[in-house]
Novice: 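My questions all concern the structure below.
Throughout, protein chains are lettered first and strands after them, A, B, ... in sequence-line order, and every chain is numbered starting at 1.
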Number of protein chains: 2
Amino acid sequence: MKKSTKSVPRGTGTRIRILTAAEHLFTARGFAGVTMREVARQAQTNVASAHYHFGSKEGLVIEMLRHRIAPINAERLRLLEEAKRQSGGKPLKPINIFKALLLPIGQAATGSKGPDPSFMQLVGRSFTEPASFLEKVHRRLFRELSDTFMVELKLSHPKAQEEDLFWNLHFVVATMLGALANHRRLAPFSGGLCKDKDVAEMIQRLIVFATGGFASSIRNIETNSNQ
Amino acid sequence: MKKSTKSVPRGTGTRIRILTAAEHLFTARGFAGVTMREVARQAQTNVASAHYHFGSKEGLVIEMLRHRIAPINAERLRLLEEAKRQSGGKPLKPINIFKALLLPIGQAATGSKGPDPSFMQLVGRSFTEPASFLEKVHRRLFRELSDTFMVELKLSHPKAQEEDLFWNLHFVVATMLGALANHRRLAPFSGGLCKDKDVAEMIQRLIVFATGGFASSIRNIETNSNQ
DNA sequence: CTTCTTTTTAAACGATCGTTTAATAAAAGG
DNA sequence: CCTTTTATTAAACGATCGTTTAAAAAGAAG
């Protein structure tokens, strides 16, 4: 309990200290399970200061997510642009589209002090928490990303139905979020055979799985429609 | 608000009324977001009665999950046994293993009054809520299921490494949980193209996606190891 | 320095939380 | 009938929640 104060570096601005403390606490216990007083204490300030900087608990949650997710999405769009440049105008291979989608989340979870799998839980959980205000945040943060990636998927699958592409992109995202949120459960269920610390390995396996599932579904649909 | 009292049928035992009210409320707002007073009010009783029957809020959550998940897992094991009987001693085809895993959750979400997609959220969310007592419940509810399905996967993939089978079964489950928990977000992101009411269609698509992802990953690994 | 804005703080607000107590009502067993 | 167990209820307990108030401290600008 006392050790947690060391996790927030001193000397930084109060605003950043609050964001950092909030991220760690929300990761461990969820949004509803953390109080403003705990955040303030771990950030070495008080509750009024947190309200001064973020207006409300909702405002703190929203800003914490935006602060973390926005750079990840920017990196996703950057990787997609890079892939388009290297393909020279031709449609992208699906695996490269999914690499652009999935690699940045792994980079974000691999901090300077080694992998931080717990952060991945936070992102996954932010999609399953029932708080309605989170839906607005997600629409704002992921609308552009979703549209951009759908454009590339359509170019890569000109004969596929748009509805099928949506469904299977949804499954790819669901796989990523489900894998992120439930990451810790793999080790105990596999009897320790699979280590939950190796984030990079998981992302690599995830890319293969998602690409295969997507390809299989689209191929399956096209086969059926030809019968 | 007043309408919600009608959702719990009168005349039933108090215990069942509390379980039903808890399920509906926890589905809508999560475990931490619902109070015992709300559950009691919707069940047309009082908080002391809920504590009398379930001991605590944790006890209520645990019993509600067990009450819902246990029949689903029993049906999964039944379908797996049925598939084994029909295969006549030969290893099962992976798609039949995953059908046994995924079909029952769709049946459970399709109640007498039509599909109930919101129930699927509850199951998905129970895996991402940070409450530590949920992990014990999950281990108790899913340990046998996990082991039984792993046995069949090993029989179906005698040359595959156990670690790879664990990872990809984990991804299949993650896809299912992620798709369940984030089901509602598909319709708005697809601009209404994909309806979130059609649970059966989603399960069918999910089976294809999961089977394809699993097969692709295992095949990919075997190919690499032959190089 | 003075003036004005920004930031931090201790203390309190009203509301609501999970849980318990103790009394009463209903049901069951003999 | 009486006794014993099971079930329900109103009321209260102590704790803690998100938020606000009002005053002091720290910086910025002149």
Novice: Using the heavy-atom set of chain A and a strict 4.0 Å cut-off, write down the first and last nucleotide of DNA chain C that makes it in, 5' to 3'.
Specialist: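 Terminal contacting nucleotides, 5' to 3': C:dT6 to C:dA12.
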Novice: Do NZ/NE/NH1/NH2 and the carboxylate oxygens of B:K136 and B:E58 come within less than 4.0 Å?
Specialist: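 Not counted as a salt bridge, because no side-chain N and carboxylate O are separated by less than 4.0 Å.
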Novice: Among A:R68, A:R66, A:R29, exactly one meets salt bridge (charged side-chain N to carboxylate O under 4.0 Å, His left out) together with A:E23. Which residue is that?
Specialist: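 The option that passes is A:R68.
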Novice: Which comes earlier along DNA chain D counting from the 5' end, the contact point of A:G55 or that of A:E38, where each point is its nearest nucleotide?
Specialist: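 Whichever sits nearer the 5' end wins; that is A:E38.
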Novice: Strictly under 6.0 Å, is that where the ring centroids of A:F142 and A:F127 end up?
Specialist: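 Yes, the ring of A:F142 comes within the 6.0 Å limit of the ring of A:F127, centre to centre.
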Novice: Could you point out which residue of B:L77, B:N73, B:L153 forms a side-chain contact (heavy atoms from CB on, under 4.5 Å) with B:T148?
Specialist: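 Answer after filtering B:L77, B:N73, B:L153: B:L77.
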Novice: Among residues 45-54 of chain A, which contact DNA chain C at a heavy-atom distance under 4.0 Å?
Specialist: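 Listed by number, they are A:T45, A:N46, A:A48, A:S49, A:Y52, A:H53.
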Novice: Taking everything shown except A:K57 itself, do over 12 heavy atoms lie less than 6.0 Å from its NZ?
Specialist: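 Atom NZ in A:K57 is packed in, count exceeds 12.
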Novice: Mind checking A:V39 for me? I need base, sugar-phosphate or nothing, with any heavy atom below 4.0 Å counting as a touch.
Specialist: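 If one applies the 4.0 Å heavy-atom cut-off, A:V39 turns out to touch nothing in the nucleic acid.
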Novice: Indicate the ring-plane relationship of B:F171 and B:W167, choosing parallel, tilted or perpendicular according to the 30° and 60° boundaries.
Specialist: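 Rings of B:F171 and B:W167: tilted, as their planes differ by 30° to 60°.
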Novice: Rounded to the nearest 0.5 Å, what separation is found between the CD atom of A:E152 and the CG atom of A:L169?
Specialist: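 Answer rounded to 0.5 Å: 12.0 Å.
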Novice: Determine, for A:E81 against A:R85, whether the closest basic-nitrogen to carboxylate-oxygen distance falls under 4.0 angstrom.
Specialist: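 No, this pair does not count.
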